[in-house]
Amino acid sequence: MNIVTKTNIREFPLVSRGKVRDIYEIDAETLLIVTTDRMSAFDVIMNEPIPYKGVVLNQITLYWMEACKDLVANHLLATDVRDFPAALAPHRADLEGRAVIARKAKPLPIECIVRGYITGSGLKDYKTNGSVCGHKLPSGLVDSDKLETPLFTPSTKADLGAHDENITLADAKARIGEGLVKKVQDLSLAIYSRGRDLAAARGIIIADTKFEFGLRDKELLLIDEVMTPDSSRFWPADKYAPGKSQPSFDKQYLRDWLTATGWAKTPPPPTLPAEVIAETQKKYLEAYELLTGSPLQLP
């Protein structure tokens, strides 16, 4: 198992290289999705990787897809490198633990965000107009307050280097249609509720998260990553205290460090010190161990 910043698999065409994932076309029906150790923050890719972060993200996603497979179908076809096409054998050390073979699906042009607590951009919107993505909220809420009912708050899906923007349900319906919005809203809330309850039993609060769905032959599939430290806010329940930012098991530690440097949040990013890399990796590994109940086996 290697640390992987960038893959170079010549046997199959590269479809896309995103902030974290490299995607290759295996054939007309299937993709190879590799979750690398690249780290992005504020939509900028850092110069240094977080070792084995991609393995953590992939394994947490597999955990949740298994836990929620009765709620929604997903795009997974193979998750063990021994079941991958023989042509990928030379790349086994780069793919071990961090890659899947998946069915092709057409991604919906919105991010499906669920908020169980108010913080981040939701808090910013609330302070401005008392609502989040069109959801009117009670007055007097403070940072990290639990919401009485989790909110479905979609956003745009920006291109690499650009920022997603919160949109209302009406905006989402204009983009993908009322019927499809209703389906992804119901599914997003159901998956979040399942994840929230399972995580709570292990001492983790999932404050918010985002899901992606894709269509394949009119079937709605859960794709990409699911309730990972990259796509969610994970808070330790025993340290939870509303009215301030919470300690976390996600990239918020890195965001806070970057903000404290005075960086303008545009390329190029500052160099990450060894201790920041190590602490970020530690938080990701802690999230995996707490959620699944077992440590992740790394070299």
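- For E275, there are no salt bridge (Lys or Arg N to Asp or Glu O under 4.0 Å) partners two or more places apart in sequence or in a different chain.
- Rounded to the nearest 0.5 Å, atoms NZ (K251) and OG (S231) are 9.0 Å apart.
- The distance from atom CG of D217 to atom NZ of K106, rounded to the nearest 0.5 Å, is 12.5 Å.
- The shortest distance between side-chain heavy atoms of L180 and L108 falls below 4.5 Å.
- Taking R194 as the reference, D70 meet the salt bridge (Lys or Arg N to Asp or Glu O under 4.0 Å) condition, with sequence neighbours excluded.
- Partners of Y192 under the ring-ring contact (aromatic ring centres under 6.0 Å, His included) rule, at least two apart in sequence or in another chain, do not exist in this structure.
- The backbone N or O of V4 lies less than 3.5 Å from no partner atom in the side chain of N2, so there is not a single donor-acceptor pair.
- Put simply, Y24 and V15 are part of two different groups of oily side chains (I, L, V, M, F, W, Y) that touch within less than 4.5 Å, one to the next.
- With a 4.5 Å cut-off on side-chain heavy atoms, F213 and L221 do not count as touching.
- Under the 4.5 Å side-chain contact rule for hydrophobic residues, F12 and V100 do not share a cluster.
- Among all heavy-atom pairs drawn from W263 and P268, the shortest one is NE1-O, 3.2 Å.
- Among all heavy-atom pairs drawn from P269 and I45, the shortest one is CG-O, 3.5 Å.
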ask   = After noting the C-alpha distance and the side-chain angles of L95 and F84, does the key distance pass the side chain to side chain contact (heavy atoms under 4.5 Å, CB included) rule?
value = CA-CA 10 Å; L95 302 179; F84 289 6; 4.2 Å; yes

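- Residues I277 and M39 are not in side-chain contact: their nearest non-hydrogen atoms beyond the backbone lie 4.5 Å or more apart.
- Looking at P236 and E286, their side chains never come closer than 4.5 Å, going by heavy atoms from C-beta outward.
- Counting heavy atoms from C-beta on, the side chains of S121 and R115 come closer than 4.5 Å.
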request  = Apply side chain to side chain contact (heavy atoms under 4.5 Å, CB included) to S188 and F211, showing your working.
outcome  = CA-CA 7 Å; S188 297; F211 304 110; 3.8 Å; yes

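- Side-chain N/O atoms of T259 and D256 include no donor and acceptor closer than 3.5 Å.
- Closest non-hydrogen pair, I206 versus G195, comes out as CD1-O, 3.7 Å.
- Taken to the nearest 0.5 Å, the CG atom of N74 stands 4.0 Å off from the CG atom of L76.
- With hydrophobic clusters built from ILVMFWY side chains whose heavy atoms lie under 4.5 angstrom apart, L31 does not share a cluster with I9.
- Applying the side-chain hydrogen bond (donor to acceptor under 3.5 Å, both in side chains) rule to N8 yields no partners; only residues at least two apart in sequence or on another chain are considered.
- Remark: E289 CD to S294 OG distance equals 7.5 Å, nearest 0.5 Å.
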task = Check the pair I113 / F152 against side chain to side chain contact (heavy atoms under 4.5 Å, CB included), numbers first and verdict last.
result = CA-CA 6 Å; I113 298 171; F152 177 72; over 6 Å; no

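- Atom CE of M65 is separated from atom OG1 of T79 by 11.0 Å, given to the nearest 0.5 angstrom.
- The closest side-chain heavy-atom distance from W257 to P273 is below 4.5 Å.
- A pairwise comparison of heavy atoms in N166 and C133 identifies CB-SG, 3.4 Å as the closest pair.
- Scanning all heavy atoms of the two residues, the minimum distance from P90 to E11 falls at CG-OE2, 4.4 Å.
- When hydrophobic residues (I, L, V, M, F, W, Y) are linked wherever their side-chain heavy atoms come within less than 4.5 Å, the members clustered with Y126 are I118, L123, V132, L137, L141, L147, L151.
- For residues 178-187, the salt bridge (Lys or Arg N to Asp or Glu O under 4.0 Å) pairs, not counting sequence neighbours, are K182-D186.
- Counting only distance, with no hydrogens or angles, the side chain of S232 and the backbone of P229 share no donor-acceptor pair below 3.5 Å.
- The one candidate from R233, K146, R196 that meets the salt bridge (Lys or Arg N to Asp or Glu O under 4.0 Å) condition with D208 is R233.
- Taking the six-membered ring where tryptophan is involved, the planes of W235 and Y117 are perpendicular, since the angle between them exceeds 60° and thus also 30°.
- Follow the hydrophobic side-chain contacts under 4.5 Å out from I223 and you never reach V34; the two are in separate clusters.
- Residues I110 and K157 have side chains not in contact (no heavy-atom distance under 4.5 Å, counting atoms from C-beta outward).
- Applying the salt bridge (Lys or Arg N to Asp or Glu O under 4.0 Å) rule to R10 yields no partners; only residues at least two apart in sequence or on another chain are considered.
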inquiry  = Before you tell me yes or no, could you show the steps for I23 and L14 under side chain to side chain contact (heavy atoms under 4.5 Å, CB included), namely the whole-Å CA-CA distance, both residues' side-chain angles and the distance that decides it to 0.1 Å?
reply    = CA-CA 6 Å; I23 302 177; L14 180 69; 5.8 Å; no

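- Both V81 and I101 sit in one connected hydrophobic cluster of ILVMFWY residues. Membership requires side-chain heavy atoms under 4.5 Å apart, directly or through other members.
- We find that K265 and D43 are not joined by a salt bridge, their nearest charged nitrogen and carboxylate oxygen being 4.0 Å or further apart.
- Looking at E219 and R103, a side-chain N of the basic residue comes within less than 4.0 Å of a carboxylate O on the acidic one, giving a salt bridge.
- For K210 and E225, the salt-bridge test fails: no basic side-chain N is under 4.0 Å from an acidic carboxylate O.
- A 4.5 Å side-chain heavy-atom check between L88 and I26 finds at least one atom pair inside the cut-off.
- For residues 264-299, the set of pairs meeting the ring-ring contact (aromatic ring centres under 6.0 Å, His included) definition, not counting sequence neighbours, is empty.
- Residue pairs that meet the side-chain hydrogen bond (donor to acceptor under 3.5 Å, both in side chains) test with at least one member in residues 136-145, sequence neighbours left out, are T119-D143, S144-Q246.
- By the salt bridge (Lys or Arg N to Asp or Glu O under 4.0 Å) test, E279 is found to be paired with K283, residues two or more places apart in sequence or in another chain being considered.
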In a table with atom names and distances, give each donor-acceptor pair under 3.5 Å that connects a side chain of residues 56-64 to protein atoms at least two apart or in another chain.
unit_1 : atom_1 : unit_2 : atom_2 : d
N58    : ND2    : G97    : O      : 2.8
Q59    : NE2    : G97    : O      : 2.9
T61    : OG1    : L57    : O      : 3.0
T61    : OG1    : V226   : N      : 3.1
Y63    : OH     : L291   : O      : 3.3
W64    : NE1    : M227   : O      : 3.0

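- With values rounded to the nearest 0.5 angstrom, S245 atom OG is found 11.0 Å from R255 atom CZ.
- Under the side-chain hydrogen bond (donor to acceptor under 3.5 Å, both in side chains) test applied with D22, the options T35, T7, T36 reduce to a single match, T7.
- Smallest separation of non-hydrogen atoms from P154 and T168: CG-O, 4.1 Å.
- Under 3.5 Å, the side chains of T128 and D125 contain no donor-acceptor pair of N or O atoms.
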Please list every donor-acceptor pair under 3.5 Å in which a side-chain atom of residues 46-53 meets a protein atom from a residue at least two apart or in another chain.
unit_1 : atom_1 : unit_2 : atom_2 : d
E48    : OE1    : L272   : N      : 3.1
K53    : NZ     : R38    : O      : 2.7
K53    : NZ     : D230   : OD2    : 3.0

